[in-house]
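Structure, as structure tokens:
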Amino acid sequence: MKILIVFAWLFILPVNSYAQKINIMKTEQNAIKNAIEQLYFKGIYEGNPDLLKQVFHKDALVVGDIKGVPYYKTSIQYIEGVGSRLSPEKSGKDFKAAIISIDVINTIATAKLNVKMYDFNYYNFITFHKIDGKWLIVNKTLTDVDP
């Protein structure tokens, strides 16, 4: 009987620990999803620099290509550009943004996003780092593909 109890305890403990890790990962994925939807997507759609400043680390980089042309900006330059252009909201043009995937390991995460606005079909690869309890974008890599 003692062997059965010990065996049951040894079996249940790892399963319970694994379940706790899954719950923590889901919680972190939800926090990142919220940051993407409420700060990043909304900030781009509205052309709102204040929202974007809440989700971008001040030293983040934004790199990639648009229509085949290399693109490189600091997060500060990128946010200023978004704030100074005609926003999709004010233009009345379609804006569709979707989260394709979110992967989390400890305090780092990546998100693959698709943003369609104006005549662009962007794929974004966003790297997050959890700093002082907050998920911040530390790198954004983007490319524009034909629709």
Side-chain angles (χ1 to χ4, degrees), residues 8-147:
W9 182 76
L10 290 173
F11 178 72
I12 292 170
L13 184 62
V15 170
N16 189 32
S17 177
Y18 179 74
Q20 288 174 340
K21 287 180 183 177
I22 294 289
N23 287 339
I24 290 169
M25 189 173 79
K26 289 287 184 194
T27 299
E28 298 301 342
Q29 283 178 326
N30 286 337
I32 294 165
K33 181 179 183 260
N34 186 57
I36 292 168
E37 293 175 344
Q38 298 303 312
L39 299 174
Y40 180 69
F41 286 162
K42 190 173 180 183
I44 294 169
Y45 175 68
E46 295 176 359
N48 187 332
D50 294 330
L51 291 177
L52 294 172
K53 286 177 187 174
Q54 291 179 54
V55 74
F56 273 90
H57 186 277
K58 65 179 181 59
D59 295 325
L61 296 176
V62 181
V63 298
D65 61 79
I66 300 173
K67 304 279 186 211
V69 177
Y71 184 92
Y72 179 91
K73 293 190 179 202
T74 65
S75 61
I76 294 167
Q77 292 168 322
Y78 170 74
I79 292 168
E80 287 173 356
V82 170
S84 66
R85 71 175 182 218
L86 180 64
S87 71
E89 178 184 43
K90 290 180 182 166
S91 75
K93 298 206 178 201
D94 286 342
F95 177 85
K96 293 181 184 177
I99 298 171
I100 297 168
S101 64
I102 298 173
D103 293 306
V104 181
I105 300 175
N106 296 326
T107 62
I108 61 166
T110 60
K112 181 179 179 183
L113 314 174
N114 180 230
V115 178
K116 296 176 182 177
M117 55 187 263
Y118 301 112
D119 294 329
F120 299 98
N121 183 18
Y122 292 114
Y123 280 88
N124 296 191
F125 297 90
I126 308 287
T127 305
F128 286 88
H129 188 204
K130 191 172 187 181
I131 302 170
D132 297 326
K134 186 176 178 182
W135 287 101
L136 297 174
I137 296 171
V138 294
N139 187 62
K140 172 182 170 179
T141 306
L142 69 140
T143 192
D144 172 51
V145 299
D146 290 333

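Residues take their numbers from the sequence shown, with the count starting at 1.
- Contact annotation: the side chain of Thr143 never approaches that of Tyr71 to less than 4.5 Å [non-hydrogen atoms, C-beta and beyond].
- Counting only N and O atoms by type, the side chains of Asp146 and Asn121 include no donor and acceptor under 3.5 Å apart.
- The shortest distance between side-chain heavy atoms of Ile44 and Phe95 falls below 4.5 Å.
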*asked:* With side chain to side chain contact (heavy atoms under 4.5 Å, CB included) as the criterion, how do Ile36 and Phe128 come out once you've worked through the C-alpha distance, each side chain's angles and the decisive distance to 0.1 Å?
replied: CA-CA 10 Å; Ile36 292 168; Phe128 286 88; 3.7 Å; yes
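- Closest non-hydrogen pair, Ser75 versus Asp59, comes out as OG-N, 4.2 Å.
- In this structure the side chain of Glu46 never reaches within 4.5 angstrom of the side chain of Ser87, judged on heavy atoms.
- Lys67 NZ: more than 12 foreign heavy atoms inside a 6.0 Å radius.
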*asked:* Would Asn139 and Thr141 count as a side-chain hydrogen bond (donor to acceptor under 3.5 Å, both in side chains) here? Give the steps.
replied: CA-CA 7 Å; Asn139 187 62; Thr141 306; 3.1 Å; yes
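- Side-chain contact between Glu37 and Ile99 is present, with heavy atoms from C-beta onward closer than 4.5 Å.
- Ile76 has its side chain out of reach of Phe56: every pair of non-hydrogen atoms, C-beta onward, lies at least 4.5 Å apart.
- The distance from atom NZ of Lys116 to atom OH of Tyr123, rounded to the nearest 0.5 Å, is 6.0 Å.
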*Working for side chain to side chain contact (heavy atoms under 4.5 Å, CB included), residues Asn48 and Lys42*: CA-CA 8 Å; Asn48 187 332; Lys42 190 173 180 183; over 6 Å; no
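- No donor-acceptor pair under 3.5 Å is formed between the side chain of Gln29 and the backbone N or O of Val104.
- With Thr107 contributing its side chain and His129 its backbone, the two residues share no donor-acceptor pair below 3.5 Å.
- Atom NZ of Lys96 sits about 10.5 Å away from atom CG of Asn114, to the nearest 0.5 Å.
- Note that the NZ atom of Lys90 and the CZ atom of Arg85 stand 12.0 Å from one another [nearest 0.5 Å].
- With contacts defined as side-chain heavy-atom distances shorter than 4.5 Å, the pair Tyr118/Lys93 qualifies.
- Of the candidates Leu51, Leu52, Ile32, Tyr40 forms a side chain to side chain contact (heavy atoms under 4.5 Å, CB included) with just one, namely Leu52.
- Listed here is the closest heavy atom pair of Leu86 and Ser91: CD2-CB, 3.8 Å.
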*Go through Thr127 and Ile108 one step at a time and tell me if the side chain to side chain contact (heavy atoms under 4.5 Å, CB included) criterion holds.*
CA-CA 7 Å; Thr127 305; Ile108 61 166; 5.6 Å; no
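- Between the OG1 atom in Thr110 and the CZ atom in Phe125 there is a gap of 9.5 Å [rounded to 0.5 Å].
- Formation of a donor-acceptor pair under 3.5 Å by the Lys134 side chain with backbone atoms of Gln54 is found in this model.
- Contact detail for Pro49 and Gly83: the closest heavy-atom pair is CG-CA, 3.7 Å.
- For the pair Ile102/Lys33, a side-chain contact is recorded, criterion being any heavy-atom separation below 4.5 Å from C-beta on.
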*Check the pair Tyr122 / Phe120 against ring-ring contact (aromatic ring centres under 6.0 Å, His included), numbers first and verdict last.*
CA-CA 6 Å; Tyr122 292 114; Phe120 299 98; 5.2 Å; yes
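- A pairwise comparison of heavy atoms in Ala60 and Ile137 identifies CB-O, 3.4 Å as the closest pair.
- Minimum heavy-atom separation, Leu113 to Ile100: C-CD1, 4.0 Å.
- Residues Met117 and Tyr45 fail the side-chain proximity criterion, which asks for heavy atoms closer than 4.5 Å.
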